[in-house]
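This structure is in structure tokens; I'll ask about it shortly.
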Amino acid sequence: MSDKQSAILQGTLDLMVLKTLEQLGPLHGYGIAQRIEQVGQKALTVNQGTIYLCLVRLVQKGWIEAQWGRSDNNRKAKFYSLTKTGRRALVAEAENWQRITGVMDRVLLQKAEA
Amino acid sequence: MPTFLRVAMARIRGFLRPGDADGDFDEELQAHLDMAVESKIRQGLSPKEARRRARIELGNLTQLREAASERRGLPRIGSSWLDVKLGLRMLRKSWGLTLVAGLAMTVVITLAAVAFEILGLMAGTDLPLDEGDRVVAVQSWNQETGDGLGTLPEDFERWRDTLRTVEQVGAFRLVERNLQTDEPGNTTPGKAIEVAEISASGFQVARVQPALGRPLLKEDEHASADPVLVLGHVAWRQHFQADPEVLGRQVRLDGTVHTIVGVMPEEFGFPIAQHYWIPLHVGPESYAPDAGAERLFVFARLGDGVAIEQAHAELNRVGLSEVYEPAESAVSEPGLRVIPYASAFLSDIDSWMINLAVLVFMMLLLPPCVNVAILVYARTITRQEEFAARYVLGASRFHIVFQLFLEILVLAGCAGAVALGVARVAVWQLVADRKAHGELPFWMDLSLSPRTILVVVILAVFAALIAGVLPALRATGRGMQAGLKSLGGQSQQAQLGVVWTLLIVVQVAVSTALLPTSAEMVWGTVRSGLLGPGFAAERYLTAELKPGTLAEGDPEMVHARFEQRQLDLVRRLEARPEIAAVTVASYAPGDGHWFSILKEGAQEEEGLLGSPIRIGRVTQVNHVDQAFFDVFQVPILAGRSFDPADYHEGRSAVIVNRAFALDMLGEDNPIGRRIAYPSRTQDVADSGSEEWFEIVGVAADIHKHSANPAVYHPARAEPRSAVNLSIRVHTDPTNAAGVLRSATWSVDPALRLGEVRRLDEIYRQKAIGNYVGAGTLVVATLSLLLLSAAGIYSLMSFTVGRRRKEIGIRAALGASPRHIVAAVFRRALAQVAIGALVGAWIAVLVGHYLPIQQLGGWELPGIVPATAAFIAGVAFLALLGPARRGLRVEPVEELRQG
């Protein structure tokens with residue numbers, strides 16, 4: 001891992017997947033991985049395999065649902081989409097994230113001032 | 001739905017259908033790889049490089065699959081499945097242990113399963129009728145004993161008219177009748193059958209329609225109605241060859257013509273296991289005190305929405321009639337109760353008794369489990385390196401112990417499955433035939449009861465805890481350190497330990513102690529079957545003779561009439577050319593004798609010498625006529641036979657058989673000694689009016705290969721409900737059965753003659769039962785022996801394993817194989833020898849104090865040294881394998897490793 005790359009914090013991957021699905025609509029695992037890497041502009045390293053574990057987890061929670069379909073290249077792929085519960089969960093998780101990052105910012109700012 | 005619940009449900013779904021999700025996941029990963037490869041080729045990479053990079057970015061596929069699989073299933077069970085598979089592999093690898101431990105567990109769990117299955121059969125109360133749980137028994141009961149009491153006809157009528165919480169109140173009583181069919185030219189005497197006199201409502205309560213014709217109707221109950229009969233399916237097949245035109249045919253029951261009006265379907269046996277139903281007549285004429293002897297069993301169906309407690313409360317409000325208070329109330333006030341129908345025919349089996357039985361079987365399971373634990377521990381020690389490696393790699397001690405538990409649980413589970421299978425077959429063998437012939441209560445359910453399955457599961461888990469967890473805890477404690485050192489290249493220091501060694505020695509001692517008794521019991525049980533009765537039993541026919549309807553009226557008169565009919569019958573039979581001799585006794589020889597406890601006579605007062613009679617023993621007792629010994633061609637060995645004066649009131653002569661004389665008195669002369677039966681005379685003991693009997697003769701044993709002690713009394717004028725009639729025939733006994741029946745019929749049609757059977761058939765049937773019992777004992781003993789042998793084998797194997805280096809040095813120094821074996825196994829052999837000696841000593845004590853003949857065994861001279869030698873032989877065989885391994889040790893190799 002290069003110095004400029006950061007590992008994803010535990011639990012944030014779920015939020016990223018949910019947000020991706022909200023923005024882009026139904027998407028397969030490879031597409032989700034590509035999108036996260038693209039948004040992260042190579043600042044984040046995502047082991048693509050872990051995305052699939054995250055997808056299993058989210059399906060179990062009922063936040064997303066899966067359906068087999070065809071990709072742009074006419075390949076068979078499993079498409080994931082947000083459920084109503086997932087949308088509500090995304091809102092709640094995003095707020096939670098904002099709160100945490102806000103607190104972290106304040107903590108880091110104080111440290112700098114000190 | 002809360003998220004955690006959704007996740008839990010998804011995981012359960014994933015656990016139940018793991019294959020689907022796994023395949024789906026693989027397909028998805030493959031699609032990912034394909035897309036990634038395609039994209040990278042478009043970016044200009046070669047196909048090979050594109051594939052390589054795509055695989056790297058996706059990560060380790062195996063780990064991914066496992067992680068996803070774990071995520072989808074139930075966490076603990078999912079990983080336990082791997083342990084179960086590993087357990088199965090380990091069991092297959094150490095097949096010797098699997099065989100021995102599995103056999104031991106199977107024997108005990110099978111015994112438990114069969115016992116509980118039979119218990120379940122006896123205790124089952126679910127009626128296979130429409131809304132069978134609403135059918136109840138309505139009865140008075142003895143509050144001291146818990147037994148149900150019969151109901152007087154007037155109480156039945158009153159309950160039927162007043163009770164509102166129950167409907168279709170009915171009653172029945174069982175009576176015996178002679179059945180004669182109406183076949184043309186049929187002059188054969190009737191066959192004694194059991195008939196249910198039942199109110200018509202019985203068929204309404206059962207809600208079963210006849211296969212042919214109609215059931216009994218209310219009109220049939222009138223005293224003036226034409227007598228009718230409804231047949232059961234078995235009776236229809238047996239006596240009417242399943243004739244579809246049977247309706248309207250007439251039969252005679254004790255001479256009274258009855259018209260057949262219906263045939264009930266198969267499996268119908270209401271009220272218990274009946275095949276003949278006639279209407280029950282009740283009314284004021286049956287209220288007479290004399291008729292009260294034949295009481296009724298009352299039943300009903302609970303009204304709609306009525307709970308059994310409500311019916312119970314109402315019955316207690318209505319109460320019993322005051323006019324005829326039952327005689328039993330003199331002892332205690334009878335209670336009134338409404339209970340589930342079948343419960344009225346069963347003794348109370350309390351739940352604590354069931355728990356106690358489970359506990360007893362757990363105790364029985366303990367010795368084999370401890371043995372298995374020894375073997376498991378012995379094997380576990382050899383796997384310490386494996387456990388240490390797993391420990392280092394992050395497995396917790398709990399997980400290792402849990403895995404060993406699962407290994408044994410898999411084995412115990414297999415033993416449980418076999419046990420359930422055997423229990424099922426055993427129950428079928430025991431009762432299915434009788435059930436098909438309608439001899440068992442119609443509600444008896446032959447399918448495996450859930451309670452049996454539960455008990456087997458409990459025992460299997462218990463066995464796995466004892467035999468798996470205990471050694472695992474021990475081996476993963478301090479032993480783990482040894483394993484860790486061993487991993488580091490240091491030599492293994494594992495030892496079997498004092499406790500385990502001691503257990504093996506105790507095991508050998510117990511085997512040596514039990515084997516003689518077991519062998520004597522087995523031989524005693526099968527001996528008579530294998531050697532035969534020792535006399536021409538095939539030339540004897542025997543049957544029970546009852547007074548039948550002669551029994552109605554004054555008991556004195558009944559007895560006198562019955563006695564007279566017996567004499568007439570004997571005379572008539574003796575006149576027949578095909579019959580050589582006839583005798584009347586209370587029992588046929590060897591069949592259903594009465595057991596009692598003997599008490600010694602006051603010898604000092606009588607001035608008799610000799611050793612005291614061994615009191616507290618049991619004996620068979622038979623009341624016989626004067627012809628008995630001649631008919632069975634039994635010589636009188638000492639003293640005299642009965643003379644006519646012995647049959648008079650006030651005489652107390654008895655004759656004992658040889659087995660009695662030997663068992664009770666040894667070599668002493670029994671003539672003139674006196675005996676009494678404490679169980680009979682307990683209530684008069686205080687008054688000093690105990691009945692003493694004097695031995696006047698010793699007869700040879702009738703059954704030459706059976707050692708049952710027997711006392712013969714003269715069959716004096718005592719009122720008896722039944723006697724046994726035995727005849728000896730000159731030639732073929734088949735025809736004689738018919739002769740016996742027609743003679744009985746011609747003497748008095750009211751007499752009831754039971755099934756006529758050949759003595760050798762009775763003995764053969766008894767022998768089959770004995771073989772089953774002996775077989776069980778043999779299997780139990782053999783499994784114990786096998787465990788001992790396996791224990792010795794483990795001990796020897798460990799001795800070799802631990803002393804490989806020493807063996808190497810001895811071999812290098814030129815010691816002969818014989819010396820090496822002697823030196824290495826000296827200690828272990830000494831332990832086994834001590835166990836065998838202690839066991840032999842216990843066996844001698846047991847042989848001295850245990851009345852083996854009394855328990856049905858047969859003393860075998862020299863059995864103790866023979867079994868000790870046998871155990872030594874088994875120990876020697878168990879030693880052979882490890883000894884050979886020991887002698888194959890390569891000295892140079894061992895010394896280099898050291």
Side-chain angles (χ1 to χ4, degrees), chain A residues 1 5 7-8 11 13-14 18 27-38 40 42 44-80 83-90 92-93 96, chain B residues 1-18 20-43 47 50-75 78:
Chain A
M1 194 194 299
Q5 286 180 322
I8 294 177
L13 189 58
D14 289 10
L18 289 175
L27 203 58
H28 44 68
Y30 178 69
I32 296 169
Q34 292 292 98
R35 173 68 180 172
I36 290 173
E37 277 186 12
Q38 185 192 357
K42 300 197 174 174
L44 288 172
T45 53
V46 180
N47 184 339
Q48 292 180 356
T50 56
I51 298 229
Y52 286 93
L53 297 181
C54 169
L55 289 170
V56 169
R57 200 161 52 233
L58 292 175
V59 169
Q60 282 181 341
K61 286 180 175 174
W63 292 356
I64 60 171
E65 57 192 7
Q67 208 168 10
W68 283 99
R70 291 271 159 193
S71 70
D72 297 341
N73 301 338
N74 202 26
R75 283 194 175 278
K76 193 183 170 195
K78 203 183 229 180
F79 284 79
Y80 295 89
T83 61
K84 277 185 186 169
T85 328
R87 280 184 202 286
R88 279 200 298 274
L90 174 60
E93 292 289 307
N96 195 30
Chain B
M1 188 190 294
T3 305
F4 78 90
L5 211 58
R6 216 176 282 131
V7 172
M9 285 178 67
R11 281 191 160 220
I12 290 170
R13 270 199 305 275
F15 173 72
L16 294 176
R17 296 193 315 176
D20 294 358
D22 287 345
D24 219 34
F25 191 71
D26 283 351
E27 207 174 335
E28 194 177 5
L29 292 183
Q30 190 55 50
H32 176 105
L33 281 173
D34 290 346
M35 283 189 268
V37 170
E38 210 169 84
S39 161
K40 289 184 193 309
I41 289 174
R42 275 202 305 272
Q43 287 165 16
R51 261 196 301 279
R52 196 181 70 82
R53 291 219 183 158
R55 289 291 291 269
I56 291 170
E57 283 171 10
L58 189 58
N60 186 320
L61 284 183
T62 312
Q63 277 181 359
L64 211 52
R65 279 195 200 103
E66 281 180 7
S69 180
E70 199 172 328
R71 175 79 214 172
R72 277 195 302 266
L74 296 175

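Just so it is clear: chains get the letters A, B, ... in the order the sequence lines come, proteins before strands, and each one is counted from 1. For clarity, every value in this text was computed on a predicted model and none was experimentally measured.
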> Which region of B:Glu38, side chain (C-beta onward) or backbone (N, CA, C, O), has a non-hydrogen atom less than 4.5 Å from a non-hydrogen atom of chain A, or is it both or neither?
Replying inline: side chain

> Say you draw a straight line from CD of A:Gln60 to CZ of B:Arg6; how long is it, rounded to the nearest 0.5 Å?
Replying inline: 12.0 Å

>> Does any backbone or side-chain atom of B:Leu29 lie under 4.5 Å from a heavy atom of chain A? Answer side chain, backbone, both or neither.
In response: side chain

> Do you know which of B:His32, B:Arg65, B:Glu28 makes side chain to side chain donor-acceptor pair (under 3.5 Å) with A:Tyr52?
Replying inline: B:His32

> What closest approach, in Å, do A:Thr50 and B:Leu64 show between heavy atoms, and which atom pair accounts for it?
Replying inline: N-CD1, 4.3 Å

>> Quick check for you: among B:Ala68, B:Ala36, B:Ala31, B:Ser39, which has the greatest number of heavy-atom pairs under 4.5 Å with chain A?
In response: B:Ala36

> Atom CE in B:Met35, atom NE2 in A:His28: separation rounded to 0.5 Å?
Replying inline: 4.0 Å

>> Counting only heavy atoms not in A:Arg70 (residues, nucleotides, ligands), do more than 12 fall under 6.0 Å from its CZ?
In response: yes

>> Please report the interatomic distance NZ(A:Lys76) to CG(B:Asp34), rounded to the nearest 0.5 Å.
In response: 12.0 Å

